[in-house]
Amino acid sequence: MTTQSFPLKLQNGHLFIEISGQTFILDTGAPSSFGTDSSVTLHEMTFDLPSSYLGLTAANLSDLVGYPVSGIFGADILNRFDVLIDCLSGRISFATEQIEFPGNTLSTDEFMGIPVIDVTIAGVPHRMFFDTGAQISYFQDDSISRFPNMGSATDFYPGFGQFETETWRVDMQVGQDAFQLRCGTLPDLLGMTLMMADAEGIIGNEILQDRKAGLFFRRNRLVLS
């Protein structure tokens, strides 16, 4: 099987990948990629890149994340491949063929190309976006205040800008694995986008730390190991 592998780094709560001299944020929550170069090539496939997404440019993004980046590597490209993320060794691999990868396997749905998974919180099932571009998770339910408070956090979303949220350490079951994830609440306008997808929150990249994961979204599958 032919795969292409690239450096992967988790820094400042974001996943960065280096491809052809460009540094991108790995973002399953962004329907569209963009970059300072007009295109990027994977497996001899060339993907055109607009210069911005919802008004967000590479320069704006670099200021927000505190690290120089060329743009966002989003769902429009990621969903074309079987992708292996290894935060332990700092590598990400892309394959055009199917990869067999054992582990905690979750079925995924999608909304505008963004993967949606089912989790359980306090015995209640919830639909959540799976967003590797999110440095913390989000839970849009009043019950979040029952969990231990973790203080405030500053985050941002394309088309909205920066915002601040209180956060809580929420116990949740993701497939076979139990996690304690730092969760905030989205501003009302952003929270409305979740309602459009019948989702109640966002699972961020915290569940990828110190593990391997298979993003097989063209097969509606997420595997955590």
Side-chain angles (χ1 to χ4, degrees), residues 1-11 14-62 65 67-103 105-117 129-134 157-159 197 203-205 208 211-225:
M1 179 186 300
T2 301
T3 63
Q4 287 187 318
S5 182
F6 303 94
L8 171 74
K9 176 167 58 178
L10 180 62
Q11 182 172 311
H14 297 283
L15 287 169
F16 300 95
I17 59 174
E18 297 178 23
I19 299 178
S20 302
Q22 302 180 76
T23 300
F24 294 93
I25 287 182
L26 183 72
D27 192 351
T28 59
S32 175
S33 305
F34 76 89
T36 52
D37 287 2
S38 60
S39 65
V40 65
T41 300
L42 275 176
H43 285 285
E44 300 183 347
M45 288 184 280
T46 299
F47 299 93
D48 294 332
L49 296 176
S51 59
S52 63
Y53 171 62
L54 295 178
L56 182 69
T57 66
N60 301 144
L61 184 60
S62 298
V65 302
Y67 191 85
V69 294
S70 303
I72 281 177
F73 213 75
D76 55 333
I77 299 178
L78 292 169
N79 294 358
R80 299 285 298 274
F81 302 94
D82 273 18
V83 182
L84 283 180
I85 292 178
D86 188 345
C87 286
L88 292 169
S89 64
R91 303 294 294 180
I92 182 171
S93 300
F94 298 85
T96 54
E97 300 176 20
Q98 292 188 5
I99 297 175
E100 296 304 322
F101 180 66
T105 301
L106 297 94
S107 297
T108 65
D109 195 359
E110 65 88 18
F111 178 79
M112 295 180 60
I114 303 172
V116 182
I117 62 175
F129 282 118
F130 175 61
D131 183 359
T132 61
Y157 267 79
I203 302 299
N205 60 40
L208 301 179
R211 67 175 58 229
K212 299 178 182 179
L215 313 184
F216 308 143
F217 299 138
R218 59 183 179 174
R219 292 187 277 146
N220 301 314
R221 190 179 304 172
L222 169 66
V223 182
L224 303 173
S225 177

Checklist entry - Got a second to check how far I92's CD1 is from L215's CG, nearest 0.5 Å? => result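 If I round to the nearest 0.5 Å, the distance is 7.0 Å.
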Item to check | Value rounded to 0.5 Å, distance of CG in N220 from CG in L106 | outcome: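 Between atom CG of N220 and atom CG of L106 there are 12.5 Å.
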Checklist entry - Going by the salt bridge (Lys or Arg N to Asp or Glu O under 4.0 Å) test, which pairs reach into residues 213-225, not counting sequence neighbours? => result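 Residue pairs passing salt bridge (Lys or Arg N to Asp or Glu O under 4.0 Å), neighbours aside: D82-R218, D82-R219.
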Checklist entry - Is there a donor-acceptor pair under 3.5 Å between the side chain of T132 and the backbone N or O of L26? => result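 Yes, because the side chain of T132 sits within donor-acceptor range (under 3.5 Å) of the backbone of L26.
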Item to check | Whether S62 side chain and N60 backbone form a donor-acceptor pair below 3.5 Å | outcome: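 Absent.
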Item to check | Test log, rule side chain to side chain contact (heavy atoms under 4.5 Å, CB included), inputs L222 and F130 | outcome: CA-CA 10 Å; L222 169 66; F130 175 61; 4.1 Å; yes
Shortest non-hydrogen separation from [X] to [Y] and the atoms involved:
| X | Y | answer |
| --- | --- | --- |
| P50 | D48 | CD-O, 3.9 Å |
| G71 | L61 | O-CD2, 3.7 Å |
| I72 | S32 | CG2-O, 4.3 Å |
| P158 | L56 | CG-CD2, 3.9 Å |
| F101 | A213 | CE2-C, 3.9 Å |

Using a 4.5 Å cut-off on heavy atoms from C-beta on, say whether the side chain of [Y] contacts that of [X].
| X | Y | answer |
| --- | --- | --- |
| T57 | S51 | no |
| T96 | F81 | yes |
| F217 | L78 | no |
| T3 | L84 | no |
| L49 | F24 | yes |

Which pairs would a plain distance check flag for residues 36-47, meaning a side-chain donor or acceptor within less than 3.5 Å of a matching protein atom at least two apart in sequence or in another chain?
residue: T41; atom: OG1; partner: T46; partner atom: OG1; Å: 3.2
residue: H43; atom: NE2; partner: F94; partner atom: O; Å: 2.8

Got a sec, which residues hit side-chain contact (heavy atoms from CB on, under 4.5 Å) with [X], two or more places apart in sequence or on another chain?
| X | result |
| --- | --- |
| S107 | none |
| L10 | L15, N205, Q209 |
| S5 | R91, S93 |
| I114 | P31, F129 |

Checklist entry - In chain order, what residues pass the ring-ring contact (aromatic ring centres under 6.0 Å, His included) check against F34, with sequence neighbours excluded? => result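 Per chain and number, F34 pairs via ring-ring contact (aromatic ring centres under 6.0 Å, His included) with no residue.
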Item to check | Residues forming a ring-ring contact (aromatic ring centres under 6.0 Å, His included) with F16, sequence neighbours excluded | outcome: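 Y67.
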Item to check | Qualifying side chain to side chain donor-acceptor pair (under 3.5 Å) pairs, either residue in residues 70-79, two or more places apart | outcome: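 Counting only pairs at least two positions apart or across chains, the side chain to side chain donor-acceptor pair (under 3.5 Å) contacts touching residues 70-79 are S33-D76.
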Next on the checklist: Filter on side chain to side chain donor-acceptor pair (under 3.5 Å), then keep only pairs touching residues 22-31, sequence neighbours left out; what's left?
Outcome noted: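 Of all non-adjacent pairs touching residues 22-31, none passes side chain to side chain donor-acceptor pair (under 3.5 Å).
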Item to check | Partners passing side-chain hydrogen bond (donor to acceptor under 3.5 Å, both in side chains) against Y53 (at least two apart in sequence or in another chain) | outcome: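 Checked Y53 against side-chain hydrogen bond (donor to acceptor under 3.5 Å, both in side chains); zero matches.
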Checklist entry - Partners of R80 by salt bridge (charged side-chain N to carboxylate O under 4.0 Å, His left out), sequence neighbours excluded? => result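 Not a single residue meets the salt bridge (charged side-chain N to carboxylate O under 4.0 Å, His left out) criterion with R80.
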